[in-house]
Amino acid sequence: MSSAALLVSLLLSVAAPVPASQQRLATTRQVLADPQSKRLIVVAHRGCWHQAPENSVAGLDACVRAGVDAIELDVRHTRDGVAVIIHDETLDRTTNGRGAVADHDWVELSRLRLRTGHGGPDATLTDHSIPTLDAYLAAAKGRMMIVFDVKDGSQRDTFRHIERAGMADQAIFFYECVDRTIADAIAPFRNRVTTFPIMFGKDGPLAPAAARCASTPPGWAHIKWSDPTWLNDAARAHARTGLRLWTATMFPADNAGLDDARALRDPDAVWGAQIRAGAGMIMTNQPEALLAYRDLSAK
């Protein structure tokens, strides 16, 4: 073998290091699929907006740096049909614009600037702008799982963007167990993405509901409850069937007061209690604090 050929062979034999975000994404997929996994998946609600504007590409980048496993975003459409990432129906809270998103063309929205953090009239304007869905997908590809909260009923159009980007294996959708509207909207592609049924405490015992409403992969349920005793029922369902739970701790109405505000004071009483009840995934507005709690609990 010539020296040049030997050099090429040696170069090809040395694998390029895999970025930490890609390794974390692969781990998250494994955790979702493995019913025996005990690793907690941490989801940042609307991104890491303590370091960057809500629902921004900068917030995605901040989550990658922090080591977050998944990110949640909100999809809406402009008047001329461009899919954009913004939570509210109106522009007022998170941008320097006014009025409904759907009443503006994309060229108008593209000129707006996002406000810091959670927004509001006193929040400073930044140099960041509202991302299109396509731009956000391009920034997220190969980096983390994405929970799609589609605000305007455009689940099928949203999936077309995801499919075009080659990111179906990074997508998480959800549907309400007792309401077929979203279930029907995602039906054509639900087996090509990760899907969770949402089950509410008012729907009754969890185990029968979980048997009726399947997840992909199997064995998951996104739960919300207002009765403090209902989490005990969820824990029993987890113990009997192995059902893994996705909880959300942003708002106290969704967890009988076991929310982020309380978790910052006593993380074990909130996040710990939910994990012991069977939570394998928690969505939060405090992803860095939850990551620290997870890492400390693992020691």
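Note that the numbering runs from 1 along the sequence shown for the chain. Reckoned from all heavy atoms, side chains included, excluding hydrogens, waters and symmetry mates. A quick note: this is a predicted structure, and the numbers were derived from the prediction, not measured.
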Would Met145 and Asp69 count as a side chain to side chain contact (heavy atoms under 4.5 Å, CB included) here? Give the steps.
CA-CA 7 Å; Met145 297 295 291; Asp69 302 307; over 6 Å; no

Between Tyr175 and His222, is the ring centroid distance below 6.0 Å?
no

Would you say the ring centers of Phe189 and Phe159 fall short of 6.0 Å from each other?
yes

Can you confirm whether the side chains of [X] and [Y] place a donor and an acceptor under 3.5 Å from each other?
{"X": "Thr181", "Y": "Asp179", "value": "yes"}
{"X": "Thr94", "Y": "Glu54", "value": "no"}
{"X": "Thr124", "Y": "Thr116", "value": "no"}
{"X": "His87", "Y": "Asp149", "value": "no"}

Using the side-chain contact (heavy atoms from CB on, under 4.5 Å) rule, pick out the option among Leu73, Ile71, Ile172 that qualifies with Val147.
Ile172

Has [X] got a side-chain atom pairing as donor or acceptor with [Y]'s backbone, closer than 3.5 angstrom?
{"X": "Arg262", "Y": "Val270", "value": "no"}
{"X": "Arg79", "Y": "Asp103", "value": "yes"}
{"X": "Asp260", "Y": "Asn285", "value": "yes"}
{"X": "Arg244", "Y": "Leu32", "value": "yes"}
{"X": "Asp88", "Y": "Thr90", "value": "no"}

Measure the shortest side-chain to side-chain distance between Thr284 and Trp271 over non-hydrogen atoms and say whether it is less than 4.5 angstrom.
yes

